[in-house]
Structure formats: C-alpha cells, structure tokens
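Here's the structure we're looking at; comments come further down.
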There are 2 protein chains.
Amino acid sequence: MFSKTCEHGIKASIYIANQSKLGFRVKVQDVAKETNSPVAFTAKILQTLVKHALIISHKGPQGGFNVDVDKLESITLLDLVFAIDGDSIYNGCGLGLHVCNESNPCPVHFKFKVVRDELKTMLLNTTLAELAQTFAEGKSILKYA
Amino acid sequence: MFSKTCEHGIKASIYIANQSKLGFRVKVQDVAKETNSPVAFTAKILQTLVKHALIISHKGPQGGFNVDVDKLESITLLDLVFAIDGDSIYNGCGLGLHVCNESNPCPVHFKFKVVRDELKTMLLNTTLAELAQTFAEGKSILKYA
DNA sequence: TATATTTAAGACAAATTTATCCGAAATAAG
DNA sequence: CTTATTTCGGATAAATTTGTCTTAAATATA
C-alpha cells in the first residue's frame with residue numbers, strides 16, 4: 001500500500017513523538033533500533049520529514065530529533081504519507097492512467113473512488129498524537145519483540 | 001496501489017473480455033496496443049493469467065487469447081489482483097510488519113482494517129463482466145485517445 | 001577554542017520491479 | 001508435410017526503489 005520508505009517514516013514518527021512527549025530527543029540510531037529499520041535509510045527519511053517541517057532536528061552533542069508536542073494533534077497520517085509518497089495513493093488512478101476523472105474515467109474509477117476517499121478521510125482524521133498514544137499504552141507495537 | 005504488472009493485467013483482461021463477448025480472440029499485439037502497454041511485458045502477464053485459469057490461450061495461426069464468456073460474471077477483480085499481486089494489498093500490515101493482527105497490532109492496524117476490508121469487499125464484488133460492460137458502452141477508457 | 005557528537009548531503013550499491021529478447025513448442029491452413 | 005503464425009519459457013536488461021557510505025556542517029561542552 002505504502003512504500004517501504006513511508007512505512008519506516010511513519011514508524012519513526014510515532015517513536016519520536018512518544019519520546020518527545022517524555023521530553024527526550026532521539027538519535028537516528030535509537031529510532032532505527034526501535035523501529036527495526038536500517039539506520040542510514042532512516043536518516044534519509046528523517047531528513048525528508050524535517051524538510052517538510054513535520055519533525056525537528058538538532059545537530060551536535062545532545063542533538064537528535066523530536067516533534068513539537070503542541071503539534072501532535074495537528075500532524076496527521078496524511079501529512080506523513082504526503083511528505084514521503086505524495087498523493088498518488090489516494091488521488092491516483094487505480095489502473096495507472098495519467099488522466100482519469102469523472103468525465104474520463106478508467107473502468108474501475110468509480111469503484112475505486114469510494115475506497116480511496118475513505119482511505120484519504122482516514123489518513124486525514126488520524127493524528128500522530130493518537131498513534132503515539134496507543135503505542136505509549138502498550139496497545140500497539142512498532143516491531144516484534 | 002497496485003503494481004504496474006497488475007494494472008496492465010486488469011486492463012488487458014477487460015479488453016480481452018470485451019473482444020470475447022464479440023466472439024473474437026485477440027493477439028498480444030492487439031492487447032498491448034489497446035491498453036497502451038508494452039507488448040513483451042503484456043505477454044508475460046497474460047501467461048500468468050492463463051496459468052491461473054482466468055483467461056484462455058491458443059497457440060498458432062488464428063490463435064490468441066480469450067475469456068470464457070460464461071465466466072465473466074464470476075471472475076472478480078479480486079481474482080485478477082490476487083493472481084498477479086497476491087493478497088498483501090488487502091491483507092498485509094499497513095506498516096509492513098510481518099506479524100500484525102488484532103492481538104498484536106501495529107499502531108495503524110485498526111484504522112487500516114476498515115479501509116482494507118472495504119477494498120477487499122469492493123474487489124470481490126466487482127466482476128470482469130461489469131468492467132467490460134462500462135468499457136463496451138463507451139463509459140470508460142483503457143488508454144487516452 | 002578544541003573536541004566530540006550529531007545531522008545533512010550527495011555519491012554509490014544492492015535489490016526489486018518493470019520490462020525486453022530469443023529460441024522452442026504448438027497448431028492452423030495450404 | 002511444410003510453412004507461417006502464435007504463445008511459452010527462460011535469460012537478459014533497464015529502471016526504480018531501497019539502502020549504504022563518506023565527507024561536510026553544525027553545535028554543545030569542557
């Protein structure tokens with residue numbers, strides 16, 4: 001559904017969000033370890049999220065990554081997905097046609113529209129705050145123990 | 001959402017279905033042309049669909065591909081997608097965890113389950129017959145004119 | 001100010017997906 | 001039976017995604 005890059009990015013964001021709520025900055029090493037993702041690749045993905053102003057980075061000793069805790073409620077899954085994968089998952093044509101819309105639909109257009117709209121709504125209504133919360137409560141996992 | 005392979009495969013199936021209803025067999029060349037897909041790649045994909053008994057192939061002169069017209073109502077989008085991409089789109093974990101279920105969910109598990117279930121239902125309820133029909137009626141396109 | 005620590009950036013490499021190519025096998029038709 | 005046509009199957013190639021490595025830049029702290 002999402003790219004590997006996006007999957008890593010979402011998991012990383014959730015971990016960073018939680019540590020931020022606890023008042024910590026985290027290093028790429030930690031993020032990679034806790035999300036079971038490759039370190040260097042995680043670093044690249046975090047750069048992307050920083051550029052999109054979804055997370056904050058600090059260089060040097062005691063540096064690392066964190067999220068503005070006040071923004072946790074306003075950062076959505078849609079923001080994360082869009083920053084990394086763009087909008088093709090919820091806006092693109094199901095059959096890959098470059099032009100596909102109501103007046104010039106591919107054969108699956110209207111069938112897919114319903115699902116894609118629901119996906120988009122879900123992404124828009126899911127905040128980083130709530131994802132982080134389920135993880136904090138031990139009700140979800142970011143990797144297998 | 002789906003792989004390119006799958007997109008080509010679905011478009012090909014729709015075109016073949018329509019020609020089959022008209023009583024024709026079609027050659028890979030035709031399929032590729034009418035779906036704007038690469039010929040050799042289309043050939044490979046059709047092989048897969050033949051192996052899964054979703055379409056029928058005939059070698060030699062006057063050969064080509066067709067669909068059993070009596071099966072058009074029972075062949076679903078789910079069949080086509082499963083044959084090519086497997087079940088990961090509607091069964092896999094949204095964050096790529098190998099193990100992810102109700103009792104050991106990733107943070108997006110329950111949010112995604114709703115969407116994925118709707119996707120699966122849609123795929124299951126959409127038949128090749130109806131997709132072919134909208135195309136036959138000129139109400140949908142397989143490529144840009 | 002020197003040093004150690006940490007992210008940033010860009011080049012490079014591996015893996016996977018998307019395709020191509022070619023010879024073999026089947027078969028219809030003369 | 002020969003020939004032309006068409007799919008089959010496997011090897012190969014190109015493109016994209018996924019991932020690594022190395023050096024530079026920033027900065028906290030002594």
Side-chain angles (χ1 to χ4, degrees), chain A residues 1-13 15-16 19-20 24-33 35-67 81 83-86 88-89 92 95-96, chain B residues 1-13 15-16 19-20 24-33 35-67 81 83-86 88-89 92 95-96:
Chain A
M1 195 129 199
F2 297 140
S3 68
K4 278 286 166 200
T5 312
C6 198
E7 291 174 359
H8 292 318
I10 293 169
K11 287 187 284 183
S13 300
Y15 176 69
I16 295 171
Q19 292 304 109
S20 296
F24 301 127
R25 282 178 187 166
V26 291
K27 289 174 274 186
V28 188
Q29 262 62 352
D30 303 327
V31 177
K33 188 179 175 190
T35 61
N36 228 28
S37 303
V39 180
F41 195 31
T42 299
K44 266 278 136 53
I45 298 165
L46 292 184
Q47 281 183 39
T48 301
L49 295 176
V50 168
K51 277 179 192 160
H52 281 80
L54 295 169
I55 65 175
I56 301 165
S57 71
H58 306 265
K59 289 180 179 176
Q62 313 307 320
F65 298 90
N66 71 286
V67 185
V81 170
I84 299 173
D85 279 352
S88 60
I89 327 118
L95 296 185
Chain B
M1 196 128 199
F2 297 140
S3 69
K4 278 287 165 198
T5 313
C6 198
E7 291 174 358
H8 293 317
I10 293 169
K11 288 187 286 182
S13 300
Y15 176 71
I16 295 170
Q19 293 303 107
S20 297
F24 302 126
R25 281 177 188 169
V26 291
K27 290 174 272 187
V28 190
Q29 261 70 355
D30 303 327
V31 177
K33 187 179 176 190
T35 59
N36 227 31
S37 302
V39 180
F41 195 32
T42 300
K44 267 275 138 51
I45 298 166
L46 292 183
Q47 280 183 39
T48 302
L49 295 176
V50 168
K51 276 179 192 158
H52 281 81
L54 296 168
I55 65 176
I56 302 166
S57 70
H58 306 265
K59 290 180 179 176
Q62 313 307 320
F65 298 90
N66 70 288
V67 185
V81 170
I84 299 172
D85 279 352
S88 60
I89 326 119
L95 297 185

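Fair warning: this is a prediction, and the values are worked out from it, not measured in the lab. All heavy atoms count here, side chains included; hydrogens, waters and symmetry mates do not.
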How far apart are the C-alpha atoms of A:I55 and A:L46, what are their side-chain angles, what is the distance that settles it, and do they pass the side-chain contact (heavy atoms from CB on, under 4.5 Å) test?
-> CA-CA 8 Å; A:I55 65 175; A:L46 292 184; 3.7 Å; yes

note: A:Q47, atom CD; D:dA26, atom P; distance rounded to Å ~ 14 Å

* To do: Give the C-alpha distance, both sets of side-chain angles, the deciding distance and a yes or no for side-chain contact (heavy atoms from CB on, under 4.5 Å) between A:F65 and A:V28.
  => CA-CA 8 Å; A:F65 298 90; A:V28 188; 3.4 Å; yes

Backbone of B:S3 reached by a side-chain donor or acceptor of B:T5 within 3.5 Å: no

Note: chain B reaches DNA chain C at heavy-atom distances under 4.0 Å over the stretch, first to last nt, 5' to 3', of C:dT18 to C:dA29

Heavy-atom closest pair (A:I89 atom, B:M1 atom, distance to 0.1 Å) is O-SD, 4.3 Å

Closest non-hydrogen atoms of A:E7 and B:G96, given as atom of the first, atom of the second and distance, are OE1-CA, 3.3 Å

Dot-bracket assigned to DNA chain D with the 3.5 Å Watson-Crick/G-U criterion, [ ] for crossing and | for other-strand pairs, is ||||||||||||||||||||||||||||||

Requested in this report: Kindly indicate, with the supporting measurements, whether the criterion side-chain contact (heavy atoms from CB on, under 4.5 Å) is fulfilled by B:I84 and B:I10.
Outcome: CA-CA 10 Å; B:I84 299 172; B:I10 293 169; 5.9 Å; no

What one should report as the nearest heavy-atom pair of A:H8 and A:I45 is CB-CD1, 3.5 Å

| Across the strands shown, which category fits B:V31 at heavy-atom distances under 4.0 angstrom: base, sugar-phosphate, nothing? | nothing

B:D30 CG to D:dT7 P, in whole Å, measures 9 Å

Q. Between B:R25 and B:S20, is there a donor-acceptor pair closer than 3.5 Å when you use the side chain of the first and the backbone of the second?
A. no

Its contact letters, B for base, S for sugar-phosphate only and - for none at protein heavy atoms under 4.0 Å, make nucleotides 12-24 of chain D read ------SBB----

Closest heavy-atom pair, B:L49 versus B:G9, reported as atoms and distance to 0.1 Å, is CD1-O, 3.9 Å

Verdict with supporting geometry, A:I16 and A:V31, side-chain contact (heavy atoms from CB on, under 4.5 Å): CA-CA 7 Å; A:I16 295 171; A:V31 177; 3.9 Å; yes

